[in-house]
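Single-structure report; data block below.
All ligand and atom numbering here is 1-based and tracks the order in the structure. Residue numbers run from 1 in the order of the sequence given.
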Amino acid sequence: MAGSPRLIGSEIYRRSSYGGRHPLAIPRVSLMLDLVRALGWVSDGAYVEASPASAAELARFHDAAYIAAIERAERDQRVEAVVSERHHIGRAGNPIYPEVFSRPATACGATLTAVNMLLSGSDAPAVVHSPAGGTHHGRRDRAAGFCYFNDPVLGILRLLDRGLSRVLYVDLDAHHGDGVEDAFRDEPRVLTISIHERDRWPYTGGLADQGPSWRNLPVPPGFHDSELAFLIDEAVVPLGEAFAPEAVMIQTGADGLADDPMSKLALSNWALWRAVARLRALAPRALVLGGGGYNPWAVARCWAGIWATVAGFEIPERLPEPAERLLRAVEWRHRLARNPPAHWFTALADPPNEGPVRAEIPAIAAAALGGVQAAVWTRILEQHRA
Ligand SMILES: [Zn+2]
């Protein structure tokens, strides 16, 4: 299997749920893994079962007291009010559930294992897909936005620790990749680029917020396939090419899809597959992560198509019967599930959602590319490379 793409997952996602009516109380990674297997897209040796990251590994970024608090939360299934307040555990969308430490630690373990594989020498795969990763809101000492630990930050730190000096992070989630951006604002070896819906939680990543190590592309509601293609081709790819990364990490949150209940963006999964194909080519090694996504069918089909994109499988127009059966067996208590369109069960691809590129989209590209700032940024990069 030397050199061929790898897929990392874990069985923990099959039995663990955020519980109750939490938006993450739906099958995502487990359904995606079942779907790619039903399609015959996981050959022997391509799949790797992740193990949880250790407390010591998590401490490369996270505060030791915070890590210990989440371990205690898993053991006791409760935390004291002061701990909850201090670390945002058991509040603000970050519930205490049976695997509240093991599950996020496994996402981090998957990302760290992916990095190890990418840097494993002549046998290294050029691309690793870890759909459990992408928990981009996690902070050093607190949970945020359903994210307890920040696996992209830990993965990027390991890439740097192993000697890489230029790592590109591109975040396609509907929400701003704030935790990753903030972790590397003062780190010239990392460039973070986030495309996200404007005026949506966490309300950061505005058009004016551009810097030497970070770029933001806040997009309007209704953002569609042609507009994403425009921003990828006219802003993200040029920025990435100028940066000449040794590795690219792509966060593929599926909550910007038109079928997702959490955002007002209107992408089809085709648009994300195309973006991943373009971005993946920016560096000799790529780590493709998951992220948000709150419609089980949309997430699983999108991420299955991402694995097909990076691993080179042809996406059939009509799903084979075992794959359709899997999708039809999913239950989702949500108003969107009352009248589901047929293609949620019978096809992997959504109908493309193309249209005219609105006038504000080129302005967003220009802001991210920068004017005078771009010249300064280029000089910083040149100094850094010298
Ligand atoms: Zn999101």
Side-chain angles (χ1 to χ4, degrees), residues 13 18 21-29 31-32 88 92-95 103-104 107-108 111 130-139 142-153 155 169-183 192-206 209 214-224 227-228 231 236 249-269 271-273 275-276 279 288-303 306 332 334 336 350:
Y13 298 98
Y18 276 46
R21 300 184 64 83
H22 194 282
L24 282 178
I26 56 168
R28 299 172 359 119
V29 174
L31 187 59
M32 177 271 187
H88 294 194
N94 313 303
R103 176 175 164 145
C108 295
T111 294
S130 177
T135 53
H136 58 169
H137 299 306
R139 296 301 179 141
R142 66 183 153 87
F146 316 158
C147 304
Y148 300 81
F149 300 127
N150 196 312
D151 68 277
V153 169
Y169 172 80
V170 181
D171 193 311
L172 302 173
D173 194 279
H175 301 90
H176 178 222
D178 57 347
V180 187
E181 179 186 295
D182 283 356
T192 66
I193 304 175
S194 179
I195 300 177
H196 47 268
E197 187 177 352
R198 73 180 182 211
D199 303 325
R200 177 165 296 285
W201 189 93
Y203 306 108
T204 47
D209 191 6
W214 68 95
R215 301 287 153 143
N216 282 302
L217 296 92
V219 299
F223 183 64
H224 57 65
E227 293 175 332
L228 178 63
L231 290 184
V236 181
M249 184 182 282
I250 311 166
Q251 200 268 20
T252 64
D255 43 8
L257 297 177
D259 289 333
D260 191 276
M262 288 277 243
S263 84
K264 292 197 172 75
L265 306 186
L267 299 169
S268 80
N269 53 21
L272 286 183
W273 301 341
V276 168
L279 299 172
V288 182
L289 305 174
Y294 305 95
N295 171 332
W297 295 290
V299 178
R301 290 167 46 251
C302 178
W303 291 352
I306 285 177
W332 186 37
H334 192 280
L336 290 179
D350 299 324

Distance in Å, N269 CG paired with D350 CG, rounded so as to fall on 0.5 Å steps: 3.5 Å

I'd like to check the side chain to side chain contact (heavy atoms under 4.5 Å, CB included) partners of A258; sequence neighbours left out, ordered by chain and number. A266

Suppose we only allow N, O or S atoms; which atom of D173 ends up nearest to the Zn ion (ligand 1)? OD1

Smallest separation among heavy atoms of P95 and Y148, with atom names: O-OH, 2.5 Å

Looking at D255, pick out the N, O or S atom nearest to the Zn ion (ligand 1) and give its name. OD2

Per residue H175, nearest N, O or S atom to the Zn ion (ligand 1) is named ND1

Report yes or no: do H137 and D178 form a side-chain donor-acceptor pair below 3.5 Å? yes

